[in-house]
**Q** 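Here it is, the structure in full.
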Protein chains: 2
Amino acid sequence: MDQAARKPRTRIQIEKRELILEAALEIFAQHGFRGATIDQIADAAGMSKPNLLYYFKSKDDIHRTLIQRLLDTWLAPLREIDDIGDPVTELRSYIRRKLEMARDYPRESRLFANEILQGAPRVLPMLEGELKSLVDEKVQVIRGWMRAGRIARTDPYHLIFAIWATTQHYADFDVQVRAVLGPARDGEGRFEDAARFLEQLFVEGLRVKG
Amino acid sequence: MDQAARKPRTRIQIEKRELILEAALEIFAQHGFRGATIDQIADAAGMSKPNLLYYFKSKDDIHRTLIQRLLDTWLAPLREIDDIGDPVTELRSYIRRKLEMARDYPRESRLFANEILQGAPRVLPMLEGELKSLVDEKVQVIRGWMRAGRIARTDPYHLIFAIWATTQHYADFDVQVRAVLGPARDGEGRFEDAARFLEQLFVEGLRVKG
DNA sequence: CTAACGTTTGTCCAATCGGTCAAAAATTGC
DNA sequence: GCAATTTTTGACCGATTGGACAAACGTTAG
């Protein structure tokens with residue numbers, strides 16, 4: 001009777017909501033919010049449209065739930081950056097974690113990319129609040145490393161942007177990457193090659209001179 | 001009588017088609033193909049929907065025209081890479097040109113990003129054909145530089161991907177970049193900072209070791 | 001068995017979608 | 001001027017959209 005608005009109770013509700021979110025992630029990631037239809041999601045989840053709307057009260061509700069859930073795991077790698085460890089090791093494993101996420105959660109990456117491309121109508125407050133705070137905090141850590149002469153001096157914000165861009169590229173632009181590399185280099189070795197390249201690029205690019 | 005199918009003749013047709021394409025670029029870049037409506041585009045172009053459809057026979061027709069036009073200018077910077085010049089200079093100016101395009105043509109970048117994100121349904125043949133050929137060709141140039149010991153040995157494909165990703169990031173994820181940098185750093189200096197950072201990253205990252 | 005509750009579905013709706021069409025209005029060629 | 005042509009528009013159409021609803025179905029506790 002509560003329409004599953006706040007807290008799902010029965011086991012069926014928990015399972016079905018999960019099923020719907022899984023299907024919706026697939027559809028939203030591929031077609032964007034407006035491009036996706038409730039019927040498509042219901043089909044992919046193996047249920048009728050009214051049945052789906054019994055578990056989520058609107059299309060927007062599903063999307064919002066997905067975005068919210070995504071953000072928790074999305075920022076985890078950045079949170080893990082620690083100013084106690086070795087700077088190069090810290091950055092290297094941050095890059096590796098981000099690349100692993102692009103490999104293991106490409107749909108989440110594309111969902112997020114779609115949202116940002118459309119002007120971030122649903123997550124702008126989070127970007128300006130939580131995300132900015134977290135980045136500002138890690139920028140201070142990186143600045144500390146630079147002041148200590150442990151990595152080359154550069155703009156920490158743009159360093160973070162570059163890591164985001166290069167790693168997420170393999171999820172968001174997967175089709176293009178595949179097309180350019182061609183069938184010969186289409187195996188899973190792609191990610192190992194990418195990891196090796198990015199590691200070299202950032203480690204050498206941040207090496208202290210002289 | 002020819003419905004402007006092949007070649008526009010009158011001056012009005014040329015002007016109005018241009019007006020429509022300009023409006024459509026704005027709308028498509030923001031909402032994607034399915035998210036955009038003919039009415040929105042017609043509104044933005046200051047004309048009625050049937051009038052718009054007098055100049056383009058369908059929504060798909062407009063989109064296809066935009067994509068086709070985009071690709072010509074999009075690949076121009078890559079074409080300009082020359083194996084005669086100094087490798088570092090060549091790569092540096094390629095990065096700068098790509099970054100300028102992200103700054104000056106963000107809508108084109110987002111239009112392209114939307115297309116790729118949705119699986120490149122309209123440009124996949126071009127990616128696998130024309131784009132792959134061009135990249136393959138430039139990869140050979142870069143390999144030559146590496147063999148000659150003029151830049152560090154690494155994967156040329158992923159080098160190109162990294163340049164694409166980092167530069168286009170400033171157009172496609174503009175909202176996020178702005179949000180993270182905050183109002184204090186929101187001026188046009190952003191692109192100068194980005195240019196400096198990327199130049200350092202790639203030049204140092206590709207420097208030949210000892 | 002049965003009453004209460006949770007789940008599922010068929011049917012329906014108003015709004016919006018891409019696109020058509022015929023006729024009006026504006027422009028052009030002579 | 002006038003007729004031919006190009007341009008613009010209002011009205012309309014079938015299809016699809018997100019969502020509502022009540023009735024039917026399933027499940028479970030007593």
Side-chain angles (χ1 to χ4, degrees), chain A residues 1-28 30-67 114 118 121-122, chain B residues 1-28 30-67 114 118 121-122:
Chain A
M1 193 153 273
D2 192 34
Q3 285 287 54
R6 280 297 154 202
K7 298 201 177 186
R9 307 214 191 135
T10 76
R11 188 170 305 153
I12 288 185
Q13 276 178 2
I14 295 175
E15 289 172 359
K16 292 284 171 117
R17 279 177 67 95
E18 214 56 42
L19 196 70
I20 292 168
L21 289 175
E22 162 66 24
L25 175 59
E26 187 77 27
I27 304 296
F28 278 135
Q30 197 171 0
H31 300 100
F33 181 76
R34 282 217 50 189
T37 71
I38 300 185
D39 288 283
Q40 279 179 304
I41 299 172
D43 255 21
M47 64 180 68
S48 65
K49 180 167 65 174
N51 195 11
L52 182 148
L53 286 168
Y54 170 73
Y55 292 104
F56 289 90
K57 61 175 183 287
S58 70
K59 179 181 171 182
D60 195 85
D61 188 19
I62 307 174
H63 192 263
R64 220 172 275 276
T65 305
L66 275 176
I67 291 275
N114 260 307
Q118 255 119 66
R122 283 162 248 266
Chain B
M1 188 159 272
D2 193 33
Q3 284 286 53
R6 280 296 153 202
K7 298 201 176 186
R9 304 213 197 134
T10 76
R11 190 170 303 155
I12 289 184
Q13 277 178 3
I14 295 175
E15 289 172 359
K16 293 283 170 124
R17 279 178 67 96
E18 213 57 41
L19 196 69
I20 292 169
L21 289 175
E22 162 68 22
L25 175 60
E26 188 77 27
I27 305 295
F28 278 134
Q30 197 172 0
H31 301 100
F33 181 76
R34 283 216 50 186
T37 72
I38 300 186
D39 288 283
Q40 278 180 304
I41 299 172
D43 256 21
M47 63 180 68
S48 65
K49 177 167 64 174
N51 196 11
L52 182 147
L53 286 168
Y54 170 74
Y55 293 104
F56 290 89
K57 62 174 182 288
S58 70
K59 179 181 172 183
D60 196 85
D61 188 19
I62 307 175
H63 192 263
R64 222 172 274 276
T65 305
L66 276 177
I67 291 275
N114 259 308
Q118 254 116 69
R122 282 162 249 266

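The sequence lines fix the lettering, A, B, ..., with proteins before strands; numbering per chain opens at 1.
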**Q** Rounded to whole angstrom units, what separation is found between the CD1 atom of A:Ile62 and the C1' atom of D:dG18?
**A**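 To the nearest whole Å, that distance equals 11 Å.
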**Q** Within this structure, what is the CZ-NE2 distance for the pair A:Phe56 and A:His63, rounded to the nearest 0.5 Å?
**A**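 That separation rounds to 13.0 Å.
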**Q** How long is the span from the CD1 atom in A:Ile41 to the CG atom in A:Leu19, to the nearest 0.5 Å?
**A** 12.0 Å
**Q** Check the distance between C:dG19's P and B:Met47's CE and give it to me in whole angstrom.
**A** 16 Å
**Q** Check the phosphate of D:dT9 against B:Asn51, side-chain N and O only, distance under 4.0 Å to OP1 or OP2. Yes or no?
**A**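 Yes, within the criterion.
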**Q** If you only use heavy atoms from C-beta on, which nucleotide in C:dT8, C:dT11, C:dG18 is closest to the side chain of B:Lys59?
**A** C:dG18
**Q** List for me each residue that meets ring pair (Phe, Tyr, Trp, His ring centres under 6.0 Å) alongside A:His31, sequence neighbours excluded, and say none if there are none.
**A**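 By the ring pair (Phe, Tyr, Trp, His ring centres under 6.0 Å) rule, A:His31 matches no residue at all.
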**Q** Distance check needed: C:dA26 C1' versus B:Lys16 NZ, whole Å only.
**A**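 Spelled out: NZ on B:Lys16 to C1' on C:dA26 is 11 Å.
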**Q** Measure from CZ on B:Phe56 to P on D:dT7 and round the result to the nearest Å.
**A**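 These atoms are roughly 13 Å apart.
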**Q** Please pick, from C:dG18, C:dT8, D:dT8, the nucleotide with the shortest atom-to-atom distance to any side-chain atom of B:Asp39.
**A** C:dG18
**Q** For C:dT8 and A:Tyr54 - does any side-chain N or O of the residue sit under 4.0 Å from the phosphate oxygens OP1/OP2?
**A** no
**Q** Between D:dG19 and A:Lys57, counting only base atoms on the nucleotide and side-chain atoms on the residue, is there a donor-acceptor pair under 3.5 Å?
**A**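 Answer no: no donor N or O sits under 3.5 Å from an acceptor.
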**Q** Counting the atoms with a prime plus P, OP1 and OP2 as sugar-phosphate, which does B:Lys49 contact under 4.0 Å by heavy atoms, base, sugar-phosphate, or nothing?
**A**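 Base, at least one base atom sits under 4.0 Å.
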**Q** Report yes if at least one side-chain N or O of A:Tyr55 is closer than 4.0 Å to OP1 or OP2 of C:dT8; otherwise report no.
**A** yes
**Q** Expressed as a whole number of angstroms, how long is the span from A:Asp61:CG to D:dG18:C1'?
**A**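 Roughly 13 Å, once rounded to whole Å.
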**Q** Rounded to whole angstrom units, what separation is found between the CD atom of B:Glu15 and the P atom of D:dT6?
**A** 17 Å
**Q** Expressed as a whole number of angstroms, how long is the span from B:His63:NE2 to C:dG19:P?
**A**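 Going from B:His63 (NE2) to C:dG19 (P), I get 13 Å.
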**Q** Assign each of A:Ile38 and B:Ser48 to its nearest nucleotide of DNA chain D by heavy atoms, then name whichever residue's nucleotide is nearer the 5' end.
**A** B:Ser48
**Q** Tell me whether B:Arg34 contacts the main-chain N or O of A:Arg34 through its side chain, where contact means a donor paired with an acceptor under 3.5 Å.
**A**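 No, B:Arg34 side chain to A:Arg34 backbone: no donor-acceptor pair under 3.5 Å.
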**Q** Can you tell if the side chain of A:Phe33 reaches within under 4.5 Å of the side chain of A:Arg122, non-hydrogen atoms only?
**A**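 Yes; the side chains approach each other to less than 4.5 Å.
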**Q** Nearest-Å distance, CG (B:Leu19) to P (D:dT7)?
**A** 14 Å
**Q** Of the candidate nucleotides C:dG19, D:dT7, D:dG10, which contains the atom at the shortest distance from the side chain of B:Leu53?
**A**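 Per side-chain heavy atoms of B:Leu53, the pick is C:dG19.
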**Q** With heavy atoms under 4.0 Å as the rule, sort B:Ala36 into base, sugar-phosphate or nothing.
**A** sugar-phosphate
**Q** When you measure from the side chain of B:Pro50, which nucleotide among D:dG10, C:dT7, D:dG19 comes out closest?
**A**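 So the side chain of B:Pro50 is nearest to D:dG10.
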**Q** Please determine, for the side chain of B:Thr37, which listed nucleotide (D:dT8, D:dT17, C:dC17) has the closest atom?
**A** C:dC17
